[in-house]
Colleague: 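This is the structure, below, for whatever I ask next.
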Amino acid sequence: MATTTLTSAEFEKTINDNEIVFVDFWATWCGPCKAFGPIFEAASEQEDNKGIVFAKVDIDQNQDLAAAAGIQAVPTLMIAKQGQIIFQQAGALRAEDLDDLIAQAKALDLAAAQAAQQQA
């Protein structure tokens with residue numbers, strides 16, 4: 001699956017209707033975004049990642065969404081699982097670091113993590 005472009009209108013539905021969603025907040029003028037873009041695209045095409053939505057949000061075209069998501073630098077990677085934001089970090093990633101985050105997101109038992117957090 002290739003990446004999909006998200007707008008403000010589609011964002012919430014995409015997050016809520018899919019098991020795992022990776023969102024790359026980027027800008028056309030951003031050098032690190034241009035470096036990370038092909039890595040993100042390649043991950044979206046890996047057979048192991050079938051079923052994960054890889055979405056891109058152009059912050060200049062969706063300023064309201066970027067503001068609502070608290071995006072202060074690009075690129076910023078956001079990960080949602082079962083409608084919950086589980087990760088958000090600014091900065092371009094290497095392919096192996098993105099692969100590691102994908103593995104962690106797949107393995108995360110969200111219910112157990114939430115239960116543990118409530119007990120803490």
Side-chain angles (χ1 to χ4, degrees):
M1 175 181 181
T3 59
T4 184
T5 301
L6 276 186
T7 64
S8 302
E10 305 149 341
F11 184 79
E12 192 170 330
K13 180 172 176 33
T14 301
I15 295 294
N16 290 326
D17 290 355
N18 294 282
E19 176 72 13
I20 301 175
V21 181
F22 278 67
V23 183
D24 174 21
F25 289 87
W26 67 286
T28 56
W29 45 262
C30 166
C33 298
K34 291 177 185 175
F36 180 61
I39 294 168
F40 192 73
E41 185 74 32
S44 77
E45 295 171 356
Q46 291 178 5
E47 188 64 31
D48 291 352
N49 298 335
K50 195 173 182 178
I52 297 175
V53 174
F54 288 84
K56 295 180 76 68
V57 174
D58 181 335
I59 64 162
D60 292 324
Q61 301 295 318
N62 298 280
Q63 293 179 5
D64 56 334
L65 176 54
I71 305 303
Q72 297 190 5
V74 287
T76 291
L77 179 66
M78 175 187 284
I79 306 170
K81 184 165 186 174
Q82 299 169 354
Q84 301 291 315
I85 305 302
I86 60 169
F87 179 87
Q88 184 170 322
Q89 179 177 308
L93 297 171
R94 298 175 305 163
E96 53 269 19
D97 295 330
L98 180 57
D99 290 342
D100 184 50
L101 282 173
I102 292 167
Q104 288 182 53
K106 288 178 184 177
L108 178 66
D109 181 338
L110 194 56
Q114 289 172 334
Q117 189 175 29
Q118 288 175 349
Q119 291 178 350

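Computed from a predicted model, the values in this text were never measured in an experiment. Numbering of residues begins at 1 and proceeds along the displayed sequence.
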Colleague: Would you call the rings of Phe40 and Phe54 parallel, tilted or perpendicular, where under 30° means parallel and over 60° means perpendicular?
Modeller: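 Perpendicular.
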
Colleague: To the nearest 0.5 Å, tell me how far Thr7 OG1 sits from Asn62 CG.
Modeller: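 These two atoms lie 6.0 Å from each other.
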
Colleague: Answer yes if Ile71 and Leu6 sit in the same cluster of Ile, Leu, Val, Met, Phe, Trp and Tyr residues linked by side chain heavy atoms under 4.5 Å apart, and no otherwise.
Modeller: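 Yes.
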
Colleague: Atom CD of Gln88 and atom OG1 of Thr76: how far apart are they, to the nearest 0.5 Å?
Modeller: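 One gets 6.0 Å once the value is rounded to the nearest 0.5 Å.
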
Colleague: Taking all non-hydrogen atoms of both residues into account, name the closest pair between Glu10 and Thr5 and its distance.
Modeller: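 Closest pair (atom of Glu10, atom of Thr5, distance): OE1-O, 3.5 Å.
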
Colleague: Group every Ile, Leu, Val, Met, Phe, Trp and Tyr by side-chain heavy-atom contacts under 4.5 Å, then state whether Leu98 and Trp26 land in the same group.
Modeller: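 Unlinked, Leu98 and Trp26 end up in two clusters.
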
Colleague: Begin with the C-alpha distance, continue with both residues' side-chain angles, and end with the deciding distance and a verdict on side-chain contact (heavy atoms from CB on, under 4.5 Å) for Gln89 and Leu101.
Modeller: CA-CA 11 Å; Gln89 179 177 308; Leu101 282 173; over 6 Å; no

Colleague: I need the minimum non-hydrogen distance between Met78 and Ala69, along with the two atoms involved.
Modeller: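 Closest approach of Met78 to Ala69, heavy atoms only: CE-CB, 3.8 Å.
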
Colleague: Rounded to the nearest 0.5 Å, how far does CD of Gln72 lie from CD1 of Ile59?
Modeller: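 One gets 11.0 Å once the value is rounded to the nearest 0.5 Å.
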
Colleague: Do any N or O atoms from the side chain of Asp60 and from the backbone of Ala27 form a donor-acceptor pair under 3.5 angstrom?
Modeller: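 Judged by distance alone, no pair lies under 3.5 Å.
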
Colleague: Nearest 0.5 Å, what's the CZ-CD1 distance between Phe22 and Ile102?
Modeller: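 One finds 5.0 Å between CZ of Phe22 and CD1 of Ile102.
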
Colleague: Just wondering, do Leu93 and Ile39 contact through their side chains at under 4.5 Å, heavy atoms?
Modeller: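 They are not in side-chain contact.
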
Colleague: If you take all heavy atoms of Val21 and Val23, which pair is closest and at what distance?
Modeller: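 Result for this residue pair: CG1-CG2, 3.7 Å.
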
Colleague: Would you compute the distance between atom CG of Asp97 and atom CG of Leu77 and round it to the nearest 0.5 angstrom?
Modeller: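 The CG atom of Asp97 sits 11.0 Å away from the CG atom of Leu77.
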
Colleague: Work out which heavy atom in Val74 is nearest to a heavy atom in Cys30; give both atom names and the distance.
Modeller: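 Distance-wise, the nearest heavy atoms are O-SG, 3.6 Å.
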
Colleague: Mark yes when over 12 heavy atoms from residues, nucleotides or ligands other than Glu12 sit less than 6.0 Å from its CD; otherwise mark no.
Modeller: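 No, not enclosed.
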
Colleague: Enter the distance from Glu41:CD to Asp24:CG here, rounded to the nearest 0.5 Å.
Modeller: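 Interatomic distance, Glu41 CD to Asp24 CG, rounded to 0.5 Å: 10.0 Å.
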
Colleague: Can you name the closest pair of heavy atoms from Ala90 and Ala73 and give their distance?
Modeller: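 Of all heavy-atom pairs spanning Ala90 and Ala73, the closest is CB-CB, 3.9 Å.
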
Colleague: Check whether Lys81 reaches the backbone of Leu108 with its side chain - one donor and one acceptor, N or O, closer than 3.5 Å.
Modeller: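 Flag set: sc Lys81 to bb Leu108 pair under 3.5 Å.
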
Colleague: Is the shortest side-chain heavy-atom distance between Gln104 and Ile79 below 4.5 Å?
Modeller: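 Gln104 does not reach Ile79 side chain to side chain.
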
Colleague: What pair of heavy atoms forms the shortest contact from Asn49 to Ala43, and how long is it?
Modeller: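 Here Asn49 and Ala43 meet closest at ND2-O, 2.8 Å.
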
